[in-house]
Amino acid sequence: MGGLDIAVIAFVVLVVLVLFAGIKTVPQGYRYTVERFGRYTKTMEPGLNIIIPFIDRIGARMNVMEQVLDVPTQEVITKDNASVSADAVAFYQVLNAAQAAYQVSDLQNAILNLTMTNIRSVMGSMDLDELLSNRDTINEALLRVVDEAANPWGIKITRVELKDIAPPKDLVDAMARQMKAEREKRAQVLEAEGSRNAQILRAEGAKQSAILQAEGQREAAFRDAEARERLAEAEAKATQMVSAAIAAGDVQAINYFVAQKYTEALAAIGTANNQKIILMPMEASALIGSLGGIGAIAREVFGDNQARAPRQQSTTPRTGPAPGPFEPQGQ
């Protein structure tokens, strides 16, 4: 093998080395910085890139995908001097590879410490009750503050989330007792309101019942008065008719009227519940005479000739006591 052949082989090897040194492949999701004599010149995008061999070199290989950073647990003193433990998680993404590579050293450690200090600042400015009930507000405040601080590094903080907030055990017990007392108080208030509403409803019901009862009594009194008025009108009419009959010379009409009233009074006395034996100091002949008057009126009205015949046959005057009401005349 002559010297020319060795030279050709050496040239080919040199060309291959130059090609390997000058051609660089960047994977998707990464950005490579290029340094020439130690100075940043450009950023290589994903794909095939060419640099000047032995002059340019790869500086930093930056991952531009969104990454997660776990923030360890730390003690935080709240505004009302309560000690709580809190941990979080932060998501960030490299937007400018050159700034992330050359503006800050140890990017992840810088983001971690920045997030931890801002967690203490934001949570320390809030009371414990506000801290436990406003996680979304804390997350938004942390995101805004940390993203603004990391912006010069070419970093975008996409999310900061609190994972856990743990107060001390004695504080948790006190909060549990407070919550129990609040629930008991609300239960008592609800029970009192229910009792009050029930009493109001019962009072309303009693009021409506009294109103309806009064209206019923008024209607009953009205109808009773109307009935008495009708009865009085009937009595007045009957009295008027009897008076007219008397004025016309019919004496038997008043006998009939008096006998009717007399009989109704005796019937009412006889049917009383509180009396079984009635002693009446009165002459029976009065009632008998009234009944006799009623019989005479009936004979005159119906024209009973057979009832008059025995009366006409009795021509012989009778001496002695008057015949009884139920004894036949003329015997």
Side-chain angles (χ1 to χ4, degrees), residues 29 62-97 99-100 103-202 204:
M62 303 301 301
N63 185 352
V64 297
M65 295 182 289
E66 187 173 2
Q67 302 178 66
V68 59
L69 184 63
D70 191 15
V71 180
T73 303
Q74 58 181 329
E75 295 293 330
V76 179
I77 305 298
T78 62
K79 185 178 180 180
D80 52 352
N81 297 324
S83 177
V84 296
S85 300
D87 57 353
V89 60
F91 295 84
Y92 70 95
Q93 185 177 13
V94 176
L95 299 182
N96 191 317
Q99 289 180 345
Q103 294 293 331
V104 61
S105 177
D106 195 355
L107 178 63
Q108 286 195 352
N109 188 37
I111 297 174
L112 178 62
N113 285 276
L114 181 63
T115 305
M116 292 177 65
T117 55
N118 282 280
I119 286 176
R120 286 194 292 267
S121 299
V122 173
M123 295 179 63
S125 63
M126 303 173 69
D127 293 333
L128 179 61
D129 293 337
E130 185 181 4
L131 188 68
L132 296 175
S133 59
N134 294 310
R135 287 198 177 193
D136 292 338
T137 304
I138 299 173
N139 293 335
E140 292 176 1
L142 285 174
L143 177 61
R144 183 179 64 256
V145 173
V146 176
D147 181 59
E148 183 179 356
N151 187 48
W153 302 339
I155 302 298
K156 174 64 178 175
I157 305 298
T158 58
R159 189 176 304 168
V160 177
E161 299 284 346
L162 289 174
K163 292 196 299 183
D164 189 21
I165 300 176
K169 187 178 183 303
D170 55 348
L171 189 58
V172 173
D173 295 339
M175 292 172 62
R177 290 193 299 270
Q178 180 183 3
M179 181 182 65
K180 183 178 179 181
E182 288 290 335
R183 291 183 180 275
E184 290 179 352
K185 183 181 73 174
R186 281 184 291 180
Q188 292 175 358
V189 170
L190 291 176
E191 184 178 359
E193 290 181 354
S195 177
R196 184 190 65 180
N197 294 334
Q199 292 178 0
I200 292 174
L201 291 177
R202 284 195 294 268
E204 289 289 337

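Hydrogens, waters and symmetry mates are skipped; everything else that's a heavy atom, side chains included, is used.
Looking only at side-chain heavy atoms (C-beta outward), Leu107 and Val94 come within less than 4.5 Å of each other. Contact of the Ile111 side chain with the Ile157 side chain is registered, since non-hydrogen atoms from C-beta on lie closer than 4.5 Å. Between Met123 and Ile165 there is a side-chain heavy-atom pair separated by less than 4.5 Å. In this structure the side chain of Ser85 never reaches within 4.5 angstrom of the side chain of Asp164, judged on heavy atoms. Side-chain contact check for Tyr92 versus Thr115: every heavy-atom pair is 4.5 Å or farther apart. Within the 4.5 Å cutoff, no side-chain heavy atoms of Val71 are placed close to those of Val89.
Sorted by first then second residue, the side-chain hydrogen bond (donor to acceptor under 3.5 Å, both in side chains) pairs that include residues 134-144, not counting sequence neighbours, are Asn139-Glu161.
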- Message: If you apply the rule side chain to side chain contact (heavy atoms under 4.5 Å, CB included), what do you find for Gln67 with Gln108, and how did you get there?
- Response: CA-CA 10 Å; Gln67 302 178 66; Gln108 286 195 352; 3.7 Å; yes
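With sequence neighbours left out, the salt bridge (Lys or Arg N to Asp or Glu O under 4.0 Å) criterion links Lys163 to Asp70. Contacts of Lys180 classified as salt bridge (Lys or Arg N to Asp or Glu O under 4.0 Å), with partners at least two apart in sequence or in another chain: none.
More than 12 heavy atoms of other residues, nucleotides or ligands lie within 6.0 Å of CD in Glu75, so this atom counts as buried by the packing criterion. Other residues, nucleotides and ligands contribute over 12 non-hydrogen atoms within 6.0 Å of the CZ atom of Arg120. By the 6.0 Å contact criterion, CZ on Arg183 is open, its count of non-hydrogen atoms from other residues, nucleotides or ligands being 12 or less. Heavy-atom neighbours of Glu148 CD from other residues, nucleotides or ligands within 6.0 Å: at or below the threshold of 12.
Between Arg196 and Glu193 there is no salt bridge, since no side-chain N of the basic residue sits under 4.0 Å from a carboxylate O of the acidic one.
Closest of all the heavy-atom pairs between Glu66 and Phe91 is OE2-CB, 3.5 Å. For the pair Val122 and Leu142, the tightest heavy-atom approach, listed with the atom from each and the gap, is CG2-CD2, 3.8 Å. Residue Val104 comes nearest to Ala110 through the heavy atom pair CG2-CB, 3.7 Å, listed as atom of the first residue, atom of the second, then distance. Taking every heavy atom of both residues into account, Gln99 and Pro152 meet most closely at OE1-O, 3.8 Å. Across Met116 and Gln74, no two heavy atoms sit closer than the pair O-NE2, 3.3 Å. Nearest approach of Ala88 to Ile119, heavy atoms of both residues: CB-CD1, 3.7 Å.
Checking Thr78, Ile138, Leu132 one by one against Met126, the side-chain contact (heavy atoms from CB on, under 4.5 Å) holds for a single residue, Ile138.
A donor-acceptor distance shorter than 3.5 angstrom exists from the side chain of Gln93 to the backbone of Val64, with no hydrogens or angles considered. Asn63 places a side-chain N or O within 3.5 Å of a backbone atom of Met65 that can act as its donor or acceptor partner.
Note: Asn81 CG to Leu128 CG = 11.0 Å, rounded to the nearest 0.5 Å. The distance from the CG atom of Asp147 to the CG atom of Asn118 is 11.0 Å, given to the nearest 0.5 Å. Of the inter-residue distances, the one linking Glu182 atom CD with Arg177 atom CZ reads 14.0 Å to the nearest 0.5 angstrom.
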